[in-house]
There are 2 protein chains.
Amino acid sequence: MDRYGHYFKALRESKGLTLREVERQTEVSNAYLSQLESGKVKQPSPNTLYKLAQFYKVSYQMLMEKVGYPVPKGDRPLQEQSVSNVAKNKLGEITNEEEVELLQYLKFIRNRKQ
Amino acid sequence: MDRYGHYFKALRESKGLTLREVERQTEVSNAYLSQLESGKVKQPSPNTLYKLAQFYKVSYQMLMEKVGYPVPKGDRPLQEQSVSNVAKNKLGEITNEEEVELLQYLKFIRNRKQ
DNA sequence: AAGCTTTGCTTGGTATTGCAAGCAATTTTT
DNA sequence: AAAAATTGCTTGCAATACCAAGCAAAGCTT
């Protein structure tokens with residue numbers, strides 16, 4: 001049940017802060033912080049994690065990982081970003097003709113709006 | 001209320017899939033998918049977003065951002081994978097609305113061919 | 001045409017996030 | 001030492017994520 005609760009607690013105590021002190025600066029209630037530190041919360045929202053990451057000056061991604069959210073695959077550089085590659089990743093195969101039609105349609109959309 | 005619902009719907013329909021087909025492959029219920037696409041969900045969990053990102057072959061980070069979760073600026077991919085990139089090189093940036101329209105139009109193109 | 005299947009959608013329910021309010025124990029102030 | 005403030009913590013509650021089950025409409029099959 002409590003896998004990372006003690007981590008948040010250690011983080012706070014290492015800085016000698018009270019629950020209410022953290023509450024004031026992060027806008028996360030002391031009630032919830034207490035539950036968080038004692039392992040009563042399963043997966044705090046990214047919004048909450050972000051506030052805590054900012055405040056404690058730790059990596060947001062690391063917190064996400066710690067509570068069990070999937071993290072983006074690798075920080076490796078993305079592959080070449082040619083139009084066809086991007087289109088393939090996104091839409092499955094897309095033909096040249098389809099791409100041309102999409103581009104023309106985009107022009108149409110824009111002209112229509114004014 | 002709904003800002004990204006249309007987007008998920010366009011994504012699914014551009015591939016000509018049913019709610020239940022997506023359910024089978026992503027393990028996200030068709031009930032929830034329906035709610036998601038009609039703007040009845042505020043912030044689907046990262047877990048759900050990850051499944052959909054994998055399945056639709058779009059960037060997980062981009063979905064996170066789309067539904068309003070904080071995304072660390074430094075860790076963001078240099079260029080996001082999206083339909084907009086199909087056109088970006090040639091026509092510059094496109095808006096979310098335009099992207100949705102393009103996805104829908106792609107669906108139309110593909111269905112038109114019998 | 002009458003059944004069977006598939007479609008998107010709604011509804012009722014469970015689980016969880018996150019908080020306001022309050023409590024007992026400890027610390028600080030007077 | 002009494003009063004006041006501060007501490008971590010619990011509890012009830014509102015909001016929301018997510019799903020199983022079911023529904024009406026539309027599509028197929030015979």
Side-chain angles (χ1 to χ4, degrees), chain A residues 1-56 60 63-70, chain B residues 1-56 60 63-71 100 103-104 107-108 110-112 114:
Chain A
M1 190 66 147
D2 113 297
R3 171 104 246 100
Y4 53 84
H6 62 286
Y7 176 73
F8 283 107
K9 184 160 191 167
L11 216 42
R12 178 175 59 86
E13 290 183 338
S14 74
K15 305 199 169 174
L17 300 172
T18 68
L19 290 176
R20 279 175 175 82
E21 191 62 43
V22 178
E23 165 178 298
R24 256 167 243 132
Q25 301 200 42
T26 62
E27 316 236 75
V28 177
S29 76
N30 72 80
Y32 191 59
L33 287 171
S34 175
Q35 292 167 17
L36 196 63
E37 293 183 359
S38 59
K40 284 165 189 157
V41 177
K42 299 199 170 173
Q43 284 190 315
S45 82
N47 307 296
T48 299
L49 290 182
Y50 188 73
K51 290 177 189 169
L52 294 177
Q54 296 273 90
F55 178 69
Y56 287 130
Y60 170 47
L63 290 189
M64 292 286 285
E65 204 166 1
K66 216 159 194 102
V67 309
Y69 287 133
Chain B
M1 181 76 155
D2 82 324
R3 177 76 252 128
Y4 55 84
H6 297 332
Y7 178 74
F8 283 107
K9 183 160 192 169
L11 216 42
R12 177 175 59 86
E13 291 185 337
S14 74
K15 299 195 169 172
L17 300 172
T18 68
L19 290 176
R20 278 173 176 82
E21 276 182 67
V22 178
E23 165 178 296
R24 254 166 244 134
Q25 302 200 44
T26 61
E27 316 234 75
V28 177
S29 77
N30 72 80
Y32 190 60
L33 287 170
S34 176
Q35 291 168 13
L36 194 62
E37 293 184 359
S38 59
K40 286 167 187 154
V41 176
K42 301 205 168 172
Q43 282 190 318
S45 82
N47 307 294
T48 299
L49 290 182
Y50 188 73
K51 290 177 190 170
L52 294 177
Q54 296 272 89
F55 178 69
Y56 286 131
Y60 171 47
L63 291 189
M64 292 284 285
E65 201 169 6
K66 212 150 203 140
V67 309
Y69 287 133
V71 173
V100 168
L103 280 171
Q104 286 170 339
K107 176 204 170 199
F108 165 69
R110 287 177 170 169
N111 287 342
R112 186 181 56 192
Q114 174 199 358

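In what follows, chains are A, B, ... by sequence order, proteins preceding strands, each numbered from 1.
Nearest heavy-atom pair, B:Phe55 versus B:Gln25, reported as atom, atom and distance to 0.1 Å: CE1-OE1, 3.5 Å. Pairing each heavy atom of A:Pro46 with each of B:Pro70, the nearest pair is O-CG, 3.9 Å.
With sequence neighbours excluded, the residues forming a side chain to side chain donor-acceptor pair (under 3.5 Å) with A:Glu23 are A:Asn30, listed by chain and number. A:Gln43 pairs by the side chain to side chain contact (heavy atoms under 4.5 Å, CB included) definition with A:Tyr69, B:Asn47, not counting sequence neighbours. For A:Ala53, the side chain to side chain contact (heavy atoms under 4.5 Å, CB included) partners at least two apart in sequence or on another chain are A:Val58, A:Tyr60, A:Leu63. Among residues two or more places apart in sequence or in another chain, the side chain to side chain contact (heavy atoms under 4.5 Å, CB included) test is passed with B:Glu21 by B:Leu17, B:Thr18, B:Arg24.
For A:Lys42, whose side chain is taken as the heavy atoms from C-beta onward, the closest listed nucleotide among D:dC9, D:dA17, C:dT17 is C:dT17.
The phosphate of C:dG18 (OP1 or OP2) has a side-chain N or O of A:Ser45 nearer than 4.0 angstrom. Residue B:Ser34 places none of its side-chain N or O atoms closer than 4.0 Å to OP1 or OP2 of C:dG8. OP1 or OP2 of C:dT10 sits under 4.0 Å from a side-chain N or O of B:Lys40.
Side chain of B:Tyr4 to backbone of B:Gly39: no donor-acceptor contact under 3.5 angstrom is found.
The CG-C1' distance, from B:Leu36 to C:dC9, rounds to 14 Å in whole Å. As rounded to whole Å, 19 Å separates atom P of D:dA24 from atom CG of B:Leu19. In this structure, the CG atom of A:Asn47 is 18 Å from the P atom of D:dA15, given to the nearest Å. In this structure, CD of A:Glu37 is placed 17 Å from C1' of C:dT17, rounded to the nearest angstrom. Rounded to whole Å, the distance from CZ on A:Phe8 to P on C:dT17 is 12 Å.
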statement: Each nucleotide of nucleotides 19-25 of chain C classed B (base within 4.0 Å of a protein heavy atom), S (only sugar-phosphate) or -, in 5' to 3' order, makes BBBB---
message: Run the side-chain contact (heavy atoms from CB on, under 4.5 Å) test on B:Val67 and B:Val41 for me, step by step, so that the C-alpha distance in whole Å, both residues' side-chain angles and the decisive distance to 0.1 Å come before the verdict.
response: CA-CA 10 Å; B:Val67 309; B:Val41 176; over 6 Å; no
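Screening residues 4-14 of chain A for salt bridge (Lys or Arg N to Asp or Glu O under 4.0 Å), with sequence neighbours left out, gives A:Arg12-A:Glu37.
Contacts with DNA chain D (heavy atom under 4.0 Å) in residues 9-17 of chain A: A:Lys9, A:Arg12, listed by number.
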